[in-house]
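Report on one structure; see the data block that follows.
In each ligand, atom 1 is the first atom listed, and ligand 1 is the first ligand listed.
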Amino acid sequence: MTQQEIIQKTAEYIKQEFSNDSSGHDWWHIYRVWKNAITICEHEGADPFIVQLAALLHDLDDWKFNTSTDETPLRAKAWLDSFSLDPFITDAVCRIIMHISFKGAGVQNKMESLEGFIVQDADRLDAIGAIGIARAFAYGGYKNRLLYDPDSPPQLHDTFEQYKNNNSSTINHFYEKLLLLKDMMNTPTAKRIAEQRHEVMVQYLDQFMNEWEGKDVE
Ligand code: ADP
Ligand code: NI
């Protein structure tokens, strides 16, 4: 099978697996990450096969939707093992998937390859801006969270345990993660794109707070 055919088969598999999601992790999230990762990859000069496989498979074993505590992305590995790939490629893709997720404001990023930096950036670009806002509220609804609770201020988490067990409002998620992502982008290409998307969120939050306090109702 050619690399192109493997990518195509993987995209079809993932499209089917993620067709029914209402948490902001649907196929179109994966599709945007895939396409944006390809564009960033062209700018940064990394291996497009590894980047594409990791982008397509990156949420298949996500901790938010799987109970397994095993760090190895078992479903992605099983899928990759169904092709006769060079073990180096399977290993590189699995390592990216293991380290892609944000795990708390104070938790160190363990990503180590250029391909991983690119896929992580593409995933994080989809968490900010207009789409990031939509996805955050979709996830909040999926998790039965309040939109905003002025009595519960945001917290910056130092451990993954704290971050994972946090149940606070979706507005808090902006302060606990989304507004931090601009300065956490790995590649110059993504840093540039993140600036404008970040501004959209800042303006949105400003308007949200004005309306919350009725400042525009005079
Ligand atoms: P990551 O693996 O870094 O979490 P994902 O692709 O799985 O990245 O998507 C994360 C997205 O899920 C966030 O950007 C946000 O839209 C949503 N999300 C995760 N946790 C929360 C939360 N506590 N409140 C609101 N949205 C959340
Ligand atoms: Ni994702």
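- In summary, Lys15 and Glu12 do not engage in a salt bridge, as defined by a charged side-chain N under 4.0 Å from a carboxylate O.
- Using a 4.0 Å cut-off to heavy atoms of Lys177, the atoms of ligand 1 that qualify are 1 (P), 3 (O), 4 (O), 8 (O), 10 (C), 13 (C), 14 (O).
- For the pair Gly140 and ligand 1, the shortest N or O to N or O distance does not fall below 3.5 Å.
- Distances from the Ni ion (ligand 2) to the N/O/S atoms of His29 are shortest for NE2.
- For atom 6 (O) of ligand 1, the choice among Asn172, Asn166, Asp123, Ile171 with the nearest heavy atom turns out to be Asp123.
- The six-membered or imidazole ring of His25 lies away from that of Phe18, with a centre-to-centre distance of 6.0 Å or more.
- The Ni ion (ligand 2) sits nearest to atom OD2 when only the N, O or S atoms of Asp59 are considered.
- Listed by atom number, the atoms of ligand 1 under 4.0 Å from Leu178 heavy atoms are 14 (O).
- Residue Asp62 does not count as close to the Ni ion (ligand 2), with no N, O or S atom under 2.8 Å.
- Listed by number with element, the atoms of ligand 1 under 4.0 Å from a non-hydrogen atom of Ala127 are 14 (O).
- By the 30° and 60° cut-offs, the orientation of the rings of Tyr148 relative to Trp212 is perpendicular.
- Less than 4.0 angstrom separates some heavy atom of His29 from each of these atoms of ligand 1: 6 (O).
- With ligand atoms numbered from 1 in the order given, ligand 1 contributes 2 (O), 7 (O) to contacts under 4.0 Å with heavy atoms of Asp62.
- In Asp123, the N, O or S atom that comes nearest to the Ni ion (ligand 2) is OD1.
- Taking the charged nitrogens against the carboxylate oxygens, Asp61 and Arg75 have no contact shorter than 4.0 Å, which rules out a salt bridge.
- The shortest separation from a heavy atom of Lys143 to ligand 1 is not under 4.0 Å, leaving the residue out of contact.
- Between Tyr204 and Phe208, the ring planes are tilted. Angles from 30° to 60° get that label.
- The residue from Phe65, Tyr139, Trp63 that puts a heavy atom closest to atom 19 (C) of ligand 1 is Tyr139.
- At least one N/O/S atom of His58, from backbone or side chain, sits under 2.8 Å from the Ni ion (ligand 2).
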